Novice: 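Have a look at this one before I ask anything.
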Amino acid sequence: MAIKITDECINCGACEPECPNNAIYEAAEDWKFSDGNKLSGTIILPNGSKYNAEELQEPKNDEVYYIVADKCTECKGFFNEPQCAAVCPVDCCVPDEENEETEEQLLAKKRFLCKD
Ligand code: SF4
Ligand code: SF4
């Protein structure tokens, strides 16, 4: 499953540069699927959702850092553990129960996000 950031976040920013998928954003910051990868134009996610990769999307949290679940692979394919959770000083990067995925699904998402 994806990882999420809880309201305990102190906005220290330590997690953001550690994410291999560019899935972490500052509070109130717009985000794009194409941030940090080569996605462009119309994309269809492995879960069937359709987006424009370069279109700005609304922030998912206006108060604290947030994770875009559709870009989070729980670090599968890169590291043995979620890097955001590993560096967070207040342990507020936790499993997102609303976005449960199998390891296969997470690896498919990683391949999709990282394709050349
Ligand atoms: Fe990024 Fe990994 Fe944290 Fe997901 S678990 S947000 S991929 S650092
Ligand atoms: Fe928030 Fe933890 Fe990320 Fe710092 S490392 S911004 S406390 S989620």
Side-chain angles (χ1 to χ4, degrees):
M1 67 187 76
I3 300 294
K4 68 176 179 183
I5 293 173
T6 71
D7 291 345
E8 309 295 309
C9 172
I10 57 170
N11 287 318
C12 73
C15 54
E16 186 182 354
E18 303 300 326
C19 180
N21 289 314
N22 232 288
I24 303 175
Y25 292 85
E26 195 173 347
E29 186 185 341
D30 290 337
W31 65 278
K32 291 181 290 186
F33 273 99
S34 61
D35 289 331
N37 57 53
K38 294 180 179 172
L39 294 177
S40 64
T42 301
I43 56 169
I44 298 174
L45 304 189
N47 66 15
S49 304
K50 194 172 169 184
Y51 290 91
N52 179 329
E54 289 128 325
E55 190 174 35
L56 282 174
Q57 308 288 335
E58 295 280 310
K60 293 185 179 288
N61 197 315
D62 288 333
E63 307 292 330
V64 294
Y65 275 73
Y66 64 89
I67 291 171
V68 176
D70 281 331
K71 296 182 78 177
C72 173
T73 64
E74 214 181 299
C75 285
K76 296 286 183 200
F78 295 101
F79 303 104
N80 290 332
E81 60 176 349
Q83 297 299 287
C84 50
V87 301
C88 181
V90 293
D91 293 334
C92 68
C93 300
V94 300
D96 183 353
E97 310 288 348
E98 287 177 14
N99 285 295
E100 285 200 36
E101 293 156 297
T102 64
E103 179 154 350
E104 252 176 46
Q105 288 172 315
L106 290 166
L107 287 171
K109 196 195 293 185
K110 187 257 182 189
R111 285 193 296 274
F112 175 78
L113 291 168
C114 298
K115 68 184 173 194
D116 289 330

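Everything numeric in this text was worked out from a predicted model, so none of it was measured. Just follow the structure's listing: the first ligand is 1, and inside any ligand the first atom is 1. Values below: all heavy atoms of this structure, side chains included; hydrogens, waters and symmetry mates excluded.
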Novice: I need the atoms of ligand 1 closer than 4.0 Å to a non-hydrogen atom of Ile3, numbered in the order shown.
Specialist: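 In order of numbering, the contacting atoms are 5 (S).
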
Novice: Locate the shortest heavy-atom distance separating Asp62 from Ala28; write the atom from each residue and the value.
Specialist: OD1-CA, 3.6 Å

Novice: Strictly under 2.8 Å, is atom 4 (Fe) of ligand 2 approached by any N, O or S atom of Cys9?
Specialist: no

Novice: Just to confirm my output: which protein heavy-atom neighbour is closest to atom 2 (Fe) of ligand 2, and how far is it?
Specialist: Cys88 SG, 2.4 Å

Novice: Can you tell me the protein heavy atom closest to atom 8 (S) of ligand 2 and the distance?
Specialist: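 Checking every protein heavy atom, the shortest distance to atom 8 (S) of ligand 2 gives Cys92 SG, 3.5 Å.
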
Novice: Under the 6.0 Å and 45° cation-pi test, does Lys110 pair with Phe78?
Specialist: yes

Novice: Can you tell me how the ring of Tyr66 sits relative to the ring of Tyr25, calling it parallel under 30°, perpendicular over 60° and tilted otherwise?
Specialist: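 Taking Tyr25 first and then Tyr66, their aromatic rings lie parallel (interplane angle under 30°).
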
Novice: For Cys19, counting its heavy atoms only, list the atoms of ligand 1 lying under 4.0 Å from any of them.
Specialist: 1 (Fe), 6 (S), 7 (S), 8 (S)

Novice: Under 4.0 Å from any heavy atom of Pro82, which atoms of ligand 1 are there?
Specialist: 5 (S)

Novice: Please could you name the atoms of ligand 1 that Asn21 approaches to less than 4.0 Å, counting only its heavy atoms?
Specialist: 7 (S)

Novice: Just checking: Cys72, one of its N/O/S atoms, less than 2.8 Å away from atom 3 (Fe) of ligand 1, yes or no?
Specialist: no

Novice: Looking only at non-hydrogen atoms, find the nearest pair between Glu58 and Asp30 and report the distance.
Specialist: CA-OD1, 4.2 Å

Novice: Verify the cluster assignment for Ile24 and Val87: are they in a single hydrophobic cluster under the rule of side-chain heavy atoms below 4.5 Å apart?
Specialist: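 Shared cluster, no.
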
Novice: Mind listing the closest non-hydrogen atom pair of Cys15 and Ile5 along with its distance?
Specialist: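 What the structure gives for the nearest pair is SG-CD1, 4.4 Å.
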
Novice: Has Val90 got any heavy atom lying under 4.0 angstrom from an atom of ligand 2?
Specialist: yes

Novice: Atoms of ligand 1 less than 4.0 Å from Ile67 heavy atoms?
Specialist: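 In order of number, 6 (S).
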
Novice: Starting from Leu39, can I reach Val68 by hopping between I/L/V/M/F/W/Y residues whose side chains sit under 4.5 Å apart?
Specialist: yes

Novice: Tell me which one of Glu74, Glu103, Glu101 satisfies salt bridge (charged side-chain N to carboxylate O under 4.0 Å, His left out) with Lys109.
Specialist: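 Single pass found, and it is Glu101.
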
Novice: What residue and atom, counting heavy atoms only, is the protein's closest point to atom 6 (S) of ligand 2, and at what distance?
Specialist: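 Its nearest protein heavy-atom neighbour is Gly13 N, 3.2 Å.
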
Novice: Measure from atom 7 (S) of ligand 2 to every heavy atom in Thr6, Asp91, Ile10 and give the option owning the shortest one.
Specialist: Ile10

Novice: Pull out every atom of ligand 2 sitting under 4.0 Å from any heavy atom of Cys93, numbered as shown with elements.
Specialist: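 It comes down to these atoms of ligand 2: 8 (S).
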
Novice: Among all protein heavy atoms, pick out the one at the shortest distance from atom 4 (Fe) of ligand 2; state its residue, atom name and that distance to 0.1 Å.
Specialist: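 Its nearest protein heavy-atom neighbour is Cys12 SG, 2.3 Å.
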
Novice: CD of Glu54: more than 12 outside heavy atoms within 6.0 angstrom?
Specialist: yes

Novice: Within a distance under 4.0 Å of any heavy atom of Pro89, pick out the atoms of ligand 2 and give their elements.
Specialist: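 Per the distance check, 5 (S).
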
Novice: Please check: side-chain N/O of Ser34 versus main-chain N/O of Ser40, any donor-acceptor pairing under 3.5 Å?
Specialist: no

Novice: As an exercise, identify every atom of ligand 1 less than 4.0 angstrom from a heavy atom of Thr73.
Specialist: 7 (S)

Novice: Between Asn21 and Cys114, does the side-chain contact (heavy atoms from CB on, under 4.5 Å) criterion hold? Intermediate values first, please.
Specialist: CA-CA 8 Å; Asn21 289 314; Cys114 298; 4.2 Å; yes

Novice: Looking only at protein heavy atoms, identify the closest one to atom 3 (Fe) of ligand 2 and say how far it is in Å.
Specialist: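 Looking at atom 3 (Fe) of ligand 2, the protein heavy atom closest to it is Cys15 SG, 2.3 Å.
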
Novice: I need the atoms of ligand 1 closer than 4.0 Å to a non-hydrogen atom of Cys75, numbered in the order shown.
Specialist: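 Once the distances to Cys75 are compared, the set is 2 (Fe), 5 (S), 7 (S), 8 (S).
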
